[in-house]
Amino acid sequence: ALERVAPAGRGRRPSVLDLGCGTSRLPADAAAAGYLVLAVDVSSIAVHAAAASSREENASRGSRPDFLVADATRLPLRPARFDAVLDKGTADALDCGGDEGAARLLGEAARASRVGGAVVMISCRDAVRRTADFKAVPTLTLVSVADVGGEPGKPCPDAVVLVATVGPPAALSEGRE
């Protein structure tokens, strides 16, 4: 999905924000593929483990992701910084704490992405629920919803991948600052 929304190569190194990275290999693999990656998680233990693993894996690949301990719903980052923002299950985890978790996460994802950038979510929730979450964020335009469901009885039988483009904040699109 990342290659479709922010292709790397030909001298271009798109910037990617991975929200709720945990101990996933995704940041290391994306950095090795030519992306500038910032991976964020609220767990310092997960971030330190992922960073250590990334140092080992990417030592010979020449490129490593950066890591940050932070709450993905309140990022200490300047706006409009990334070409793509990825969420792989973080919204699902936030939903366990109430219905507003995914909307807060998507709002921060949209804020962190540059206008014209993309927000990509891989979720175990049903497509109808996640589509509603995307529609709740005015700057996001959902462009793709793909059912990539796993097998019945597996951890994520209803998996979906959602992709949205990021538009300007309302004040800018209305000609106000």
Side-chain angles (χ1 to χ4, degrees), residues 1-8 14-27 29-30 33 35 37-43 46-47 50 65 68 70-77 79-170 172-173:
L2 188 55
E3 185 60 33
R4 283 191 0 229
V5 299
S15 56
V16 175
L17 175 62
D18 180 7
L19 297 175
C21 64
T23 58
S24 171
R25 295 175 43 108
L26 188 134
D29 291 344
Y35 293 91
V37 180
L38 176 60
V40 175
D41 200 288
V42 72
S43 167
V47 166
L68 175 67
D71 180 343
T73 65
R74 291 187 297 267
L75 295 168
L77 303 171
R81 178 175 169 188
F82 297 93
D83 295 304
V85 179
L86 304 175
D87 165 41
K88 190 179 74 167
T90 303
D92 296 345
L94 290 171
D95 278 349
C96 294
D99 287 338
E100 300 300 316
R104 285 194 322 270
L105 179 79
L106 285 168
E108 276 298 279
R111 188 186 70 80
S113 178
R114 66 172 178 75
V115 172
V119 174
V120 179
M121 178 184 284
I122 301 167
S123 176
C124 288
R125 299 279 185 192
D126 66 90
V128 172
R129 169 80 180 268
R130 285 296 172 235
T131 298
D133 292 334
F134 273 80
K135 288 182 178 179
V137 180
T139 56
L140 293 178
T141 301
L142 197 57
V143 295
S144 173
V145 178
D147 181 355
V148 294
E151 301 170 30
K154 296 289 182 178
C156 193
D158 298 322
V160 293
V161 176
L162 302 100
V163 179
T165 57
V166 179
L172 292 178
S173 64

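Starting from 1, each residue takes its place in the sequence as its number.
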Point-to-point distance, once rounded to the nearest 0.5 Å, from [atom1] of [X] to [atom2] of [Y]:
X	Y	atom1	atom2	answer
Leu75	Arg111	CG	CZ	6.0 Å
Ser113	Glu108	OG	CD	12.0 Å
Leu106	Thr73	CG	OG1	11.5 Å

Stepwise side-chain contact (heavy atoms from CB on, under 4.5 Å) test for Leu77 and Leu68: CA-CA 10 Å; Leu77 303 171; Leu68 175 67; 4.0 Å; yes
Non-hydrogen side-chain atoms of Leu86 and Leu17 separated by less than 4.5 Å: no
Has the side chain of [X] got a donor or acceptor atom that lies under 3.5 Å from a matching backbone atom of [Y]?
X	Y	value
Asp83	Ser15	yes
Arg125	Ala91	no
Thr90	Leu19	yes
Thr165	Val143	no

Salt bridge Arg130-Asp92, side-chain N to carboxylate O under 4.0 Å: yes
SB check Asp95 Arg129 (cutoff 4.0 Å):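 Salt bridge present between Asp95 and Arg129.
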Taking all heavy atoms of [X] and all of [Y], pick out the closest pair and write down the distance.
X	Y	result
Ala127	Val145	CB-CG1, 3.8 Å
Gly22	Asp41	N-OD2, 2.7 Å
Ala84	Val5	CB-CG2, 4.3 Å
Pro168	Val115	CA-CG2, 3.7 Å
Pro138	Ala136	CD-O, 3.5 Å

From CA spacing to verdict: side-chain contact (heavy atoms from CB on, under 4.5 Å), Val166, Leu140: CA-CA 5 Å; Val166 179; Leu140 293 178; 3.7 Å; yes
side-chain contact (heavy atoms from CB on, under 4.5 Å) partner of Leu105, chosen from Val119, Leu94, Val137, Asp133: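 So the option named by the test is Leu94.
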